[in-house]
Participant: 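Please read through the structure below; I'll follow up with questions.
Here is the naming used below: chain letters follow the sequence lines, and residue numbers restart at 1 for every chain.
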Amino acid sequence: MNKFLVCSFLSLLTFASLDKGLEIAKRMDAASDGYVGETSSMRLILIDSSGKRIEREMEGSSIELKDMDRTIMNFVKPLDVKGTKLLTWAKHDDDDDQWLFLPSLKRVKRINSKTKGSSFMGSEFSFEDLGGQAIEKYTFDLKKEESFGNEKVWVLERVAKGKSSYSKVVIYVSKKHLTTMKSEYYNQRNELVKIAVFSDFSDYKIGKKTIHRAGKIEMKNVQNNKQSIFLWENRKLGVKLSAGEFTKDSLR
Amino acid sequence: MKRLFITALILTSYTWANSRGEIGFNFTKYIHEKDNQDNQLAFTSFQVQDSLDILGGNIFVDIVGKANQTSRDNSYINFNELYFKNTDFIGNTYTAGYQVFTWSKMEAFHPANIVNSRYFDGELEDFDKKGELTLSYSVKSVLGDLKLFYFPLFEKSFYPNKSTRITEGIRPEKTYHFEDAGLVETKEFAQFGISLQKQLGDFDFHLFALNHIDRNRPILGYHQYTINPSLGAIPQGSLAAYYGEVLDYGMASTLFIEDSTFKLEFLGSKFNKTEEFIVTTGGCTGFKNQKTIALGHEYSTTWDNGWDSTFFTEYQAVFADDSKVKRESLSVFQNDIFIGHRLSLNDAYGKEFRFGFFYDLQRKNESLIFLTYEQRLSDFWKFKTGLRVFSHESNDKLGLYVLDRDDEVSLSFTRFF
């Protein structure tokens, strides 16, 4: 009987933490919603285990639609991939659609978005890390509350409902800004693989709303000691773009 | 050339936005030496691409060229693309100008790549395409993206000269195709087609039908000959390439199931004229109605050390409508399997290995193996090296016989800008 009571109590606690986790995730989602359209230049710095650095450059634009976010990344450097474009339709309630345009072959190739673990441009970011993160695709479990730097944070455990290259991702969410401050990625053997730290936040005003976005993500692979840094420059939110600019026909 | 120069002058007065280009320094050494043929090859290749927003639409330009140091005859420069694209007031898209179309979704076999003439001086399994004058109109409908094509000109393919190892270096002096009046050499010929593309969840397909001059399967030979009772047909005149008018219809499709991608391509070809009138090295022949089917599977995985592997398995079969016709006379890959692997080390230099193995399931010991390695040397330079080995046993001048003892090692340095 006592065992039953303890189990029931623990179950209730679990449901409560899941409810609370989902509620926080929904609040995060609402806080980042409403950007309308976004354009930016991006730099991706790859640092190998010996400290050697190499840089990539991209131009990105995104549009927020009712049922999905659409993004185009246009590669600028290195020059051998210049003109390559990656179009992502990050759907809220379904798998993403992705197409890659290869200029030298003049070919638009649809990518199997279920192959999520592949490296993005040789970096420590995978396509899954950069793809759609719609809350409908995950469960969120509130684990604890603590401090991260000067911020008070909720620590959520995010588990994908569908296929993922991660068993879980532990997310540190700023209570003040409802943005991710840090993420810890665990592989299917439940070993810590990567840690992403978000910084250089800026506020973007769109109408009456203010959106808080990181300008830098440092992703460190703790297993191979490689590191990749994503930097956003000239970022503009609230840009009016047309959905027609985010179709596979528009890639060429 | 004058026309191209004037066009180039007009276009250079605008600001271009998305320019990219490359110049490659390529060297190939053939392992087995042959008399009267190139035993090594050195050439410089280049490609320049750009686009421009103009008159509410876009102009796309793609210039390609090759300067062959060992054989000047094998050099060329061409506008592969020079076309205008715009969207009209009801949201439909039209294009006009020289374009290249890549419809195939497969890695090794490409039955759906029926549009465009070719540069017959590259890799046998997939010769590069040459731009062709095209008018197209694309309509978005509930059925999918419907596209209408019109090709007013028949563009001749490029053939390397006699000393080249590729395609045995056969360069025809003339190019013929059929019109009502018979064989003609004119470029003008009305060709048209229709295609439909649709995506249904994880399945997408591309249906097409095209009535055109078949640019991919020319027959090299002679249409003038005399019959000698003891020697058979004795050709007269000069070697020519013959192209037949054909109705091509088919599809290219992909289906994603978990980490796997399944591919299916089909092509049916019905020629307007099928009489045997051309004398070739294999005897008297003509265009054959045929069907090609190709199946493919692609699987990608990421290793614990961060390397990405993609495995390819493909199969292609070609069937003549007339069962008496030898399948191997229709295509080099008439009943072949392909196994390939791409290994990306995902480091800063983009190091990548590719391995491919074509094996003929019908013909004895006929195979093609290639292995390549490439990596960036800097933000501007890339290095690539490769090995290609051919195996051919039958003595019937079909299949890979054109590449018999043409095993090669190659090396290239490419500068991007």
Side-chain angles (χ1 to χ4, degrees), chain A residues 45-49 52-57 74-85 94-95 97 99 102-124 126-128 163 165 187 189 191 193 221 223-224 226 228 244 247-250 252, chain B residues 18-22 47 49 51 58 60 62 80-81 85 87 91 93 99-105 129 138 140 145 197 199 201-202 204 254 256-261 298-302 304-308 310 344-351 374 376 378-382 414-417:
Chain A
I45 303 166
L46 279 56
I47 306 167
D48 70 15
S49 51
K52 186 170 171 51
R53 295 162 71 99
I54 194 155
E55 284 195 24
R56 311 263 173 268
E57 283 179 30
N74 188 0
F75 299 95
V76 179
K77 275 185 184 172
L79 293 172
D80 60 311
V81 293
K82 187 179 178 183
T84 302
K85 292 176 190 171
D94 203 352
D95 284 330
D97 282 337
W99 296 268
L102 305 162
S104 54
L105 300 175
K106 298 172 191 63
R107 182 179 172 193
V108 176
K109 185 180 179 181
R110 191 175 170 202
I111 298 173
N112 188 348
S113 63
K114 295 183 184 76
T115 310
K116 294 165 183 284
S118 303
S119 160
F120 177 77
M121 291 187 84
S123 73
E124 295 313 305
S126 68
F127 279 89
E128 181 173 1
K163 199 179 171 218
S165 50
N187 65 16
R189 291 190 297 274
E191 300 161 344
V193 189
N221 188 317
Q223 296 199 345
N224 63 17
K226 287 185 187 173
S228 298
T247 63
K248 63 175 180 172
D249 288 341
S250 67
R252 183 64 165 114
Chain B
N18 301 305
S19 61
R20 68 174 295 279
E22 60 186 74
Q47 181 177 35
Q49 295 177 318
S51 64
N58 312 91
F60 296 93
D62 181 2
N80 255 8
E81 286 190 339
K85 179 182 177 183
T87 303
T93 305
Q99 288 180 70
V100 166
F101 298 91
T102 307
W103 288 353
S104 176
K105 296 169 187 290
K129 288 167 158 261
S138 181
K140 292 201 184 306
D145 295 348
Q197 288 190 66
Q199 185 181 318
D202 287 337
D204 64 83
T254 56
F256 298 140
I257 299 177
E258 293 301 325
D259 289 344
S260 289
T261 305
E298 188 177 318
Y299 173 78
S300 296
T301 188
T302 302
D304 279 350
N305 58 6
W307 294 359
D308 280 336
T310 307
S344 304
L345 305 196
N346 282 330
D347 61 350
Y349 295 101
K351 290 175 190 152
E374 62 181 66
R376 286 185 198 103
S378 69
D379 272 355
F380 304 102
W381 286 93
K382 198 166 187 173
T414 306
R415 169 73 156 85
F416 296 89
F417 53 88

Participant: When you compare the side chain of Arg376(B) with that of Asp80(A), does any pair of heavy atoms fall below 4.5 Å?
Facilitator: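 Asp80(A) vs Arg376(B): side chains touch.
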Participant: Under 4.5 Å heavy-atom distance to chain B, tell me which part of Arg53(A) shows up: side chain, backbone, both or neither.
Facilitator: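 Neither part, no heavy atoms under 4.5 Å.
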Participant: Given a strict heavy-atom distance threshold of 4.5 Å, which part of Ile47(A) is in contact with chain B: side chain, backbone, both, or neither?
Facilitator: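 For Ile47(A), no heavy atom lies under 4.5 Å from chain B.
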Participant: What option among Asn187(A), Leu46(A), Leu79(A) has the most heavy-atom pairs under 4.5 Å with chain B?
Facilitator: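 The residue among Asn187(A), Leu46(A), Leu79(A) with the greatest pair count is Leu79(A).
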Participant: Can you tell me how far CG of Asn346(B) sits from OG of Ser123(A), rounded to the nearest 0.5 angstrom?
Facilitator: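 Here the interatomic distance stands at 8.0 Å.
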Participant: Using non-hydrogen atoms and a 4.5 Å limit, figure out which bit of Asp48(A) sits close to chain B: side chain, backbone, both or neither.
Facilitator: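 Neither the backbone nor the side chain of Asp48(A) comes within 4.5 Å of chain B.
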Participant: Please classify the contact between Ser104(A) and chain B as side chain, backbone, both or neither, with a heavy-atom cut-off of under 4.5 Å.
Facilitator: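 Both parts, heavy atoms under 4.5 Å.
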Participant: Measuring heavy-atom distances to chain B, does Asn221(A) have an atom under 4.5 Å in its side chain, in its backbone, in both, or in neither?
Facilitator: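 For Asn221(A), no heavy atom lies under 4.5 Å from chain B.
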Participant: Strictly by modelled atom types, are Gln223(A) and Asn305(B) linked by a side-chain donor-acceptor pair under 3.5 Å?
Facilitator: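 The criterion, which ignores hydrogens and geometry beyond distance, is not satisfied for Asn305(B) and Gln223(A).
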Participant: Side chain, backbone, both or neither: which part of Val193(A) has a non-hydrogen atom closer than 4.5 Å to chain B?
Facilitator: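 Neither part.
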Participant: Could you look at Ile54(A) and say if it's the side chain, the backbone, both or neither that has a heavy atom under 4.5 Å from chain B?
Facilitator: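 For Ile54(A), side-chain heavy atoms alone lie under 4.5 Å from chain B.
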Participant: Quick one: what part of Ile111(A) sits under 4.5 Å from any heavy atom of chain B, side chain, backbone, both or neither?
Facilitator: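 Looking at Ile111(A), just its backbone touches chain B.
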Participant: Flag the pair Lys77(A) and Asp379(B) as a salt bridge only when some basic side-chain nitrogen lies within less than 4.0 angstrom of an acidic carboxylate oxygen.
Facilitator: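 Looking at Asp379(B) together with Lys77(A), the answer is no, because their closest N to O distance does not fall below 4.0 Å.
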Participant: For a salt bridge (Lys or Arg N to Asp or Glu O under 4.0 Å) check, start with the C-alpha distance between Lys109(A) and Glu298(B), then their side-chain angles and the critical distance, and finish with the verdict.
Facilitator: CA-CA 13 Å; Lys109(A) 185 180 179 181; Glu298(B) 188 177 318; 3.2 Å; yes
